[in-house]
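Here's the structure, in structure tokens; my notes come after.
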Amino acid sequence: MAAIVKALPGALTKLRSGITTLIRDPQVQTGLRELAPPTPGELPTAIASIVKTVNSIQTQRFLNVTVGHAARNALVSVEVVCWFFVGEIIGRRSLVGYKVSNK
């Protein structure tokens, strides 16, 4: 037990330096910027994108896509669904189902 207590400050220092290095990594910084909520300056672009999507649905322009683009969209959709199911399994902490108590 005493050895663990002696090693704890050094381990915390290493952990702190590792986290600092990770946060300063440019790829992590890019990911953090992508996960940030939109700024007020980005709202007109978002609104224009929504309007474009609605117009595409109304004119059925979304039907005019190549087979490759449709396949790519299908693969992305399958990936999103799979990650949803993985999250559900992690949340349940079980592969089978939710644990229901008999009250």
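Looking at Ser56, its side chain never comes within 3.5 Å of a backbone N or O of Lys52 through a donor-acceptor pair. Distance alone, capped at 3.5 Å, places no donor-acceptor pair between the Ser49 side chain and the Thr45 backbone.
Cluster partners of Val78 are absent, since no Ile, Leu, Val, Met, Phe, Trp or Tyr has side-chain heavy atoms less than 4.5 Å from it. Cluster partners of Val81, using a side-chain heavy-atom cutoff of under 4.5 Å among ILVMFWY residues and allowing indirect links, are Phe84, Phe85.
Considering only heavy atoms from C-beta on, Trp83 stays 4.5 Å or farther from Val80 through its side chain.
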Stepwise, does the side-chain contact (heavy atoms from CB on, under 4.5 Å) test hold for Asn55 with Gln58?
CA-CA 5 Å; Asn55 287 338; Gln58 288 175 343; 3.7 Å; yes

